[in-house]
2 protein chains.
Amino acid sequence: MSPRAGLSPDRVTALALEIVDRDGPDALTLARVAESAGVATPSLYKHIGGLADLRDRVSVRVVAELTGRVRHSVVGVGGDAAVRALLRAYRDYLVEYPHRAGLLVNPAASAPAGELLDVVLAVLDGFGLAGSAAIHAARTLRSVAHGFAVLQAGGGFGYPEDLEETFRLLADTVVTGVRQTYLAS
Amino acid sequence: MSPRAGLSPDRVTALALEIVDRDGPDALTLARVAESAGVATPSLYKHIGGLADLRDRVSVRVVAELTGRVRHSVVGVGGDAAVRALLRAYRDYLVEYPHRAGLLVNPAASAPAGELLDVVLAVLDGFGLAGSAAIHAARTLRSVAHGFAVLQAGGGFGYPEDLEETFRLLADTVVTGVRQTYLAS
DNA sequence: CACGGTTGGCTAATGATATTAGCTTAATGG
DNA sequence: CCATTAAGCTAATATCATTAGCCAACCGTG
């Protein structure tokens, strides 16, 4: 193991994320990351500040990746369909990676979280909303997307029966609610 | 410390919850609980199964307490006002105890989570909703309440400016959305 | 091509923690 | 009043994170 292992902060973060995805956030230990990197545990400190720092880095990466997914889901789509696509992308992400749910809320990830907000604001702009109304509506959309996705990923709904139908109705509820509340004319 | 300390599973759980509230979930260790109980760490195993079991017990207690708050908030209230009260009670609970956010989604707490669902269903019944439509609407309400509360508690919105206004508009959005989606006549 | 600094590995040591095993003593019930 | 049970204890083990200090590999410069 003496020859250089070609590690880097990004590489360490990627290995950490694999462990989280496989065995959950509690399984993320420096010992396991070091093992999967083929390196002794203290060597990791040459690349990261410690376990807390590594957790923050994983959070940043996860929020950034989610932002990318959401952004991608709404290109070329507008109006109601864009809102639905956004909600679905958020949910699909946590269905694919359920163990990442707890990593999405972290003050250390405020930069990519801001980008996510920008994406939502762009969707709402195409929806005819701007200014402080758009801010409130964006927070609402994020709340709905986050709440449903987290609860589904964590098994927070009792039986998962008809969750797809619940999701469709939730999207209907939000779309019509936002229209009525912010665009009442 | 040799004389009996008068511990019990409930007492241990209560001490654990105090630690979570003061210093966050990561600060919950058996060593700290034992210290605050005036007991050696292994003695705790006479009352709980271990750290994981203790976490589950804390989750159960938290979800049960939240359910009580929500239930209390809607007695004597009906229709739109009940939905608003329910959302507000959920949010207020996590504003008061922000460190409990992560404890609300836990398969071990499915029993009190089911009770929470029953409370929401009762509100929706007074709203004129029953059957599978009520189930979908209840999941929607839980998603919205949970998402907003978790994000606020965790600082997930950038600047907390005008969050009260966001919350009011979120309630409007949900109430009108549910009406339109489930009670379109 | 050599060589010196920087970087990325290592081992050793320390301290916190969870958990198990086995002992001892206080409470309790017949 | 005694026996059983429950609740505490100490000791031991294993896993971790973290710090300190050492050494070898890499890289740019002369």
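Figure legend: B:Arg88 and B:Tyr93 shown without cation-pi pairing, the cationic atom not lying both under 6.0 angstrom from the six-membered ring centre and within 45 degrees of its axis. For B:Arg91 and B:Phe167, the positive end sits near the middle of the six-membered ring, less than 6.0 Å away and at most 45° from its axis.
Distance from the side chain of B:Val39 is smallest for D:dC9 among the nucleotides C:dA18, D:dC9, C:dT11.
If you take CG of B:Leu30 and C1' of C:dT17, they are 9 Å apart, rounded to a whole angstrom. Here the C1' atom of nucleotide C:dT17 and the CZ atom of B:Arg55 are 12 Å apart, to the nearest Å. Note: CZ (B:Arg11) to C1' (D:dG8) measures 16 Å, nearest angstrom. When rounded to the nearest whole Å, the span between CD1 of A:Ile19 and C1' of D:dC16 equals 14 Å. As rounded to whole Å, 18 Å separates atom P of C:dA16 from atom CG of B:Leu28. As rounded to whole Å, 15 Å separates atom C1' of C:dT11 from atom OH of A:Tyr45. Straight-line distance from the CG atom of B:Asp53 to the C1' atom of C:dA18: 14 Å, rounded to whole Å. In this structure, A:Leu44 places its CG atom 9 Å from P of C:dC10, rounding to the nearest Å.
Between the side chains of B:Tyr90 and B:Arg69, no donor N or O sits under 3.5 Å from an acceptor N or O. In summary, the side chains of B:Thr13 and B:Arg57 do not present any donor paired with an acceptor at a separation below 3.5 Å, with no hydrogens or angles considered.
For B:Leu7 against B:Arg11, the heavy-atom pair with the smallest separation is CD2-CG, 3.7 Å.
Among the atoms of the strands shown, base atoms are found under 4.0 Å from some heavy atom of B:Ser43. Using a 4.0 Å heavy-atom distance criterion, A:Ala31 is classed as a sugar-phosphate-only contact.
One finds a side-chain N or O of A:His47 lying less than 4.0 angstrom from the OP1 or OP2 phosphate oxygen of C:dG9.
Each of A:Thr29 and A:Lys46 was assigned the nucleotide of DNA chain D with the nearest heavy atom; the assignment lying further toward the 5' end belongs to A:Thr29. With the nearest nucleotide of DNA chain D identified for both A:Pro42 and A:Arg32, A:Arg32 has the one nearer the 5' end.
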